[in-house]
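Some notes on the structure that comes next.
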Amino acid sequence: MHNGFFKLPSPFPPPRLLYHAAHMVVDFGLRLLSCATLRLARPLHALLLVSGRFDNVFLSTKLLNLYSRLGDLPSAALTFRHAPTKSVITWNSMIACYVHHGLLPDALTCFHRFLLTSSARPDPFTFPVTIKACWDLDWGKRIHSLAFRFGFVWNVFVSASLVHMYSRLGSIDDARKAFEEMPYKDQGSWNAMLSGLCQNGKAAEAAEVFKEMMILGLPMDKVTVSSVLPVCAPLDNLLLGAAIHVYCIKHGLDSDLFVSNAFIDMYAKSGRLEEAQKVFDGMADMDLVTWNSIISGYEQAGEVSSALKLFDGMKESGVRPDRLTIVSLASAVAQCGDDRTGRTVHGYILRRGWDSRDIFVGNAIVDMYGKLSKAEAAREVFDRMPVKDVITWNTLITSYSQNGLANEAIEMYESMQSRGGIAPIQGTLASVLPACAHVGALQQGMKIHGRAVRTGLQSDVFVATCLIDMYAKCGRPEEATHLFEQVPRRHTGPWNAIIAGLGVHGHGQRAVSLFSEMQEEGVKPDQVTFVSLLSACSHAGLVDHGRRCFEQMQTVHGLSPCGKHYACMVDLLGRAGRLDAAYELIATMPVKPDSGVWGALLGACRIHGNVELGKLASSHLFEIDAENVGYYVLLSNMYAKAGEWDGVDEVRSLARHRRLQKTPGWSSVEVNKKVTVFFTGGQSHPRYEEIQGELRALLAKMKSIGYVPDYSFVLQDVEEDEKEHILSSHSERLAIAFGIMSTSPGTPIRIYKNLRVCGDCHNATKFISKITAREIVVRDSNRFHHFRDGECSCGDYW
DNA sequence: TTAGGGTTAG
């Protein structure tokens, strides 16, 4: 900025002014006003002191304001302290300076001292700034009554500040009262009320106030517009937003930065990204909010690459990203998976560092690592955060839960309450219950159910859905049904959960009749409902019914089937041995078949030993998803069953060549609320020898009543006794033996196996259930098997 | 010489 002071041609000070005191003061005043940097302010300060003009209250106050404007709080405070006389304006300026620098307690102390020590009285200017400094309701009310006592509440600036202060502190009723008591309302008063309502989430009331304003014929200014626009998206009232847009263009408000930012935000939140982009493209200058709004808009819409590209644009434009940018970026990276772009941004976040005290940023980064399947990194960030809130805990629990670390998730749930002293909320239960469901931790799940009942959360539809799912997946379909009967049924969630739950237990008929009930009660089925329903039909072998459902889904319910539905249908037809029909369905698919569809066909080919079609399915699978080792295992199993050992070798070397490793099989069993995991062939358990002894004893008894090991499930070409050993070290058998050893006779045993249970283990478990007179429930990656008295509920159809 | 009310969040 131009500064006249140092451009004077003659040596300072010009003699003419030196002898003219009044001119001198005015001249100093003007120079102080136009002074742009601290470097220029300091000599001026010195000159004021030397020339004795600092005693002039007008000039010392101006100097104080200059320091405040330039951001030098210590110098401003010093100037204030040394000023020999202080007018009400000096005090007002000092209070404003503290507020400007965010030192609210100091501002209030200053105000207090003003009242106690100064002979000057506050004026109407004192109050707006003091009201701004109130950080809690007590102070606010105290200052309010003082303003009243001084007779200033009728000043429109003071009362508008009160309205704003009360809404800022969440006391919207007080705000409304202050607003209604105003004898005269100017534009600013209406704006204060409007923004107050908006920020307290009272969108409908804000719309009412806005309508009132329109009826009174009050014009909108840029502040009105920026206050009203944020409620258009939550009210789902894009029409209002568009009308305001037209108004702004007509009245020339659309070139304002704040207004444009608010439009970008509104359009982005209503899912109208093209409109947001149009506003963005038309902007002459942009600030941090502009970039944050458009980036978060694309991120929320899942258009990650656009969001990341815009982030590059932001860096190029020289605008420094802030915590909000980081939050959006972290979510974008989380969505895009671990590709190269993701890594670049991730690196940027790491390099730039972040404040671990910032809960928002910390939570976003924990979430990001969780979604990138880096639970350990998520934990590290979590541990580094000195302050955690309930969302931080929920995020970490979800991250464990979704990465298969169910025990860790349950542990965190426990220590959240014991160590963190934080009570679980809806989201907590919704993240820990799927973990219980995943490993079959029934006792833990029941404990959480108890907590939900005590806190009233069990009637929450999300929690109830998770509970139904948990009971079903922990082998308690009756319990799940019982719970389902108690929850509100307006939402599809509980219906989908119970239909799927009955489906995996092979209760296809019950699932189908529940589906009819659902329609009778007027609940609209969605895509998920049909996935649950079709898979229920598939597990129960209800081929014709499944086909009808698939048709009705399109004709009656107007839902177009996605990959998952086709996969269910292929599974349904394939299991029933109708491989040709399954293949024909794939051939007529309007969309490209995904790996789920071909995987279902391959699985069916394995069951029915159709090597040729299996080869065809695998060739597609290796093209689509070459990294998934499961398909190589399926194909090699198929060859092994057919005795084609050359084929086995070929598939194995292919997998080796692609550096794929077989997913280790594991099974878990819950004993005394503790889940123990066994890996196939694993010998690390402290009671391994005992377990082997138990298994040997069982094997002898089993053989005596007719058990014959089926070596076709041993996929290695080895000697017979070696084969027997391989079969008896399958993880499900270790878990079953451990369960029998560690529980009292008659206790049901519940096993979870991460892969599909092997055919020989299935047969062996039937014998074990007979010998030990135990109910054994095995849940594998596909369905449930209830073994009782030598029989299995699936009727060997799986 | 000093004043109120505006956009983005896990």
Side-chain angles (χ1 to χ4, degrees), chain A residues 25-26 28-30 32-33 56-66 68-69 87-97 99 122-132 152 155-165 167-168 179 182 185-196 198-199 220-230 253 256-266 268-269 287-297 299-300 322-328 330-331 334 358-368 389-392 394-395 398 427:
Chain A
V25 171
V26 171
F28 260 120
L30 286 174
L32 286 165
L33 250 183
N56 182 300
V57 66
F58 170 78
L59 289 179
S60 57
T61 306
K62 259 211 138 356
L63 184 68
L64 158 58
N65 278 313
L66 172 66
S68 172
R69 179 159 52 89
S87 70
V88 59
I89 297 174
T90 322
W91 285 99
N92 291 349
S93 303
M94 195 59 231
I95 299 170
C97 178
V99 172
D123 68 357
F125 286 85
T126 315
F127 281 93
V129 70
T130 309
I131 291 166
K132 210 176 177 181
F152 294 139
N155 177 301
V156 71
F157 283 101
V158 174
S159 45
S161 303
L162 284 170
V163 171
H164 179 245
M165 181 266 296
S167 12
R168 178 166 49 87
F179 179 70
M182 287 170 81
K185 300 178 180 96
D186 70 352
Q187 184 93 45
S189 325
W190 286 94
N191 292 343
M193 192 67 246
L194 263 180
S195 70
C198 296
Q199 282 171 4
M220 289 189 274
D221 67 358
K222 53 189 186 171
V223 179
T224 325
V225 171
S226 326
S227 304
V228 173
L229 286 181
L253 297 174
D256 181 76
L257 180 63
F258 268 80
V259 170
S260 307
N261 287 348
F263 274 121
I264 291 181
D265 179 55
M266 177 199 72
K269 285 209 180 114
D287 68 352
L288 180 64
V289 177
T290 321
W291 288 103
N292 282 353
S293 304
I294 192 99
I295 290 175
S296 102
E299 178 265 308
Q300 302 266 318
D322 73 342
R323 50 210 289 270
L324 254 70
T325 327
I326 301 291
V327 168
S328 289
S331 316
D358 192 321
I359 286 198
F360 263 98
V361 176
N363 291 351
I365 295 181
V366 171
D367 185 51
M368 176 187 81
D389 65 3
V390 66
I391 305 289
T392 322
N394 288 359
T395 312
T398 308

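Here the structure is a predicted model, which means the values were calculated and not measured.
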message = Apply side chain to side chain donor-acceptor pair (under 3.5 Å) to residues Ser293(A) and Asn261(A) and explain how you reach the verdict.
response = CA-CA 7 Å; Ser293(A) 304; Asn261(A) 287 348; 5.6 Å; no
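Within the 4.0 angstrom heavy-atom criterion, base atoms lie near Ile359(A). Residue contacts shown for Lys222(A) include a base, since a base heavy atom lies under 4.0 Å away. Within the 4.0 angstrom heavy-atom criterion, no nucleotide atom of any strand lies near Asp322(A). Residue contacts shown for Asp287(A) are absent, as no nucleic acid heavy atom lies under 4.0 Å away. Within the 4.0 angstrom heavy-atom criterion, no nucleotide atom of any strand lies near Glu299(A). Looking at heavy-atom distances under 4.0 Å, Lys185(A) makes no contact with the nucleic acid at all. Within 4.0 Å of Ser260(A), counting heavy atoms only, lies no atom of the nucleic acid at all. Contact annotation for Ser161(A): backbone-only contact, meaning every heavy-atom pair under 4.0 Å involves sugar-phosphate atoms and none involves a base.
Ser68(A) contributes no side-chain N or O that, together with a main-chain N or O of Leu64(A), makes up a donor-acceptor pair within less than 3.5 Å.
Between the side chains of Asn65(A) and Ser93(A), at least one donor N or O lies within less than 3.5 Å of an accepting N or O. Side chains of Thr90(A) and Ser87(A): a donor-acceptor N/O pair is present below 3.5 angstrom, by distance only.
Where DNA chain B meets chain A (any atom under 4.0 Å from a heavy atom), the bounding nucleotides read 5' to 3' are dT1(B) to dG10(B).
In this view, Thr392(A) and Ile359(A), Asn363(A), Phe382(A), Met385(A), Lys388(A), Asp389(A) satisfy the side chain to side chain contact (heavy atoms under 4.5 Å, CB included) rule, not counting sequence neighbours.
Between the CD atom of Gln300(A) and the NZ atom of Lys269(A) there is a distance of 8.0 Å, given to the nearest 0.5 Å.
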